[in-house]
Amino acid sequence: MVKSRHSRLDCAPGCAVEAAISLIDGKWKAVILYHLQDGPVRFNELRRRSGSVTQRMLTNQLRELETDGLIEREIFVQVPPRVEYRLSDRGSTLLPIIEALKAWGDANMDLFARR
């Protein structure tokens, strides 16, 4: 089930940040966007690359990203059916942010080792 989106954002000084974060919140969305940066990827390949994400969670996160216009889904009519996901033009504008998150994570991996 797709979660409900914010119907209204509090337009305090952090409003734009809140709006941006609301589009990529969730454990897997940034990971999905990262894996789509090099081109179209099929569902099962995304699942393999993403690690421990369940099929249901991946499906929900992909639907939300598609609804928000950050990714595009292309269905190929063949037997068996094939579906590929790719970044939309708007989704591609998030790549510098995703790369910055990766760089920060690489530089601070010691924080995660303590968990």
Side-chain angles (χ1 to χ4, degrees):
M1 172 163 50
V2 177
K3 71 177 182 173
S4 63
R5 308 302 294 168
H6 293 289
S7 59
R8 180 176 156 283
L9 296 170
D10 175 17
C11 286
C15 181
V17 173
E18 185 180 357
I21 294 297
S22 74
L23 294 178
I24 60 169
D25 69 342
K27 184 174 180 179
W28 299 104
K29 287 183 182 178
V31 173
I32 292 166
L33 294 171
Y34 176 78
H35 288 304
L36 293 177
Q37 69 182 336
D38 294 326
V41 180
R42 293 174 72 174
F43 181 89
N44 284 330
E45 181 61 23
L46 266 176
R47 189 162 177 219
R48 274 191 290 278
R49 290 182 187 181
S50 298
S52 62
V53 64
T54 65
Q55 181 172 340
R56 180 179 176 174
M57 177 59 73
L58 181 57
T59 298
N60 287 339
Q61 299 278 273
L62 287 166
R63 285 180 184 157
E64 289 179 20
L65 288 166
E66 184 180 13
T67 298
D68 291 335
L70 300 179
I71 66 170
E72 297 170 347
R73 179 178 63 162
E74 184 174 2
I75 302 169
F76 296 88
V77 182
Q78 61 185 48
V79 177
R82 180 171 60 123
V83 178
E84 289 183 348
Y85 296 89
R86 69 176 44 84
L87 290 173
S88 67
D89 290 341
R90 178 171 286 160
S92 295
T93 65
L94 286 169
L95 288 179
I97 296 164
I98 300 299
E99 285 298 321
L101 285 170
K102 182 188 181 307
W104 189 91
D106 288 343
N108 293 282
M109 279 304 257
D110 61 313
L111 294 172
F112 304 101
R114 290 185 246 163
R115 293 182 139 202

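The residues of the chain are indexed from 1 along the displayed sequence.
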Taking side chain to side chain contact (heavy atoms under 4.5 Å, CB included) as the test, write out the residues that go with Arg49, two or more places apart.
His35, Val41, Glu45
By side chain to side chain donor-acceptor pair (under 3.5 Å), Asn108 pairs with (sequence neighbours left out) none
Rounded to the nearest 0.5 Å, how far does CD of Glu18 lie from CG of Asp25?
10.5 Å
For Thr54, the side chain to side chain contact (heavy atoms under 4.5 Å, CB included) test, sequence neighbours excluded, returns Arg56, Met57
For residues 87-101, which residue pairs qualify under side chain to side chain donor-acceptor pair (under 3.5 Å), counting only residues two or more places apart or in two chains?
Gln37-Glu99
Residues 69-80, side-chain donor-acceptor partners within the protein, below 3.5 Å, at least two apart:
| unit_1 | atom_1 | unit_2 | atom_2 | d |
| --- | --- | --- | --- | --- |
| Glu74 | OE1 | Arg86 | NH1 | 2.9 |
| Glu74 | OE1 | Arg86 | NH2 | 3.4 |

CD1-CG distance between Ile32 and Leu62, expressed to the nearest 0.5 angstrom
4.5 Å
Which residues pass the side chain to side chain contact (heavy atoms under 4.5 Å, CB included) test with Arg42, not counting sequence neighbours?
Arg82, Glu84
Partners passing side chain to side chain contact (heavy atoms under 4.5 Å, CB included) against Lys27 (at least two apart in sequence or in another chain):
none
Do you know which two heavy atoms are closest between Trp28 and Ser50, and how far apart they sit?
CZ3-O, 2.9 Å
Separation between NZ of Lys29 and CG of Leu94, rounded to the nearest 0.5 Å:
11.5 Å
How are the rings of Trp104 and Phe112 set relative to one another: parallel (under 30°), tilted (30 to 60°) or perpendicular (over 60°)?
perpendicular
Mind checking salt bridge (Lys or Arg N to Asp or Glu O under 4.0 Å) for Asp106 and listing every partner two or more places apart, or none if nothing turns up?
Lys102
Checking side chain to side chain contact (heavy atoms under 4.5 Å, CB included) against Leu65, which of Asn60, Leu33, Leu36, Leu87 comes through?
Leu33
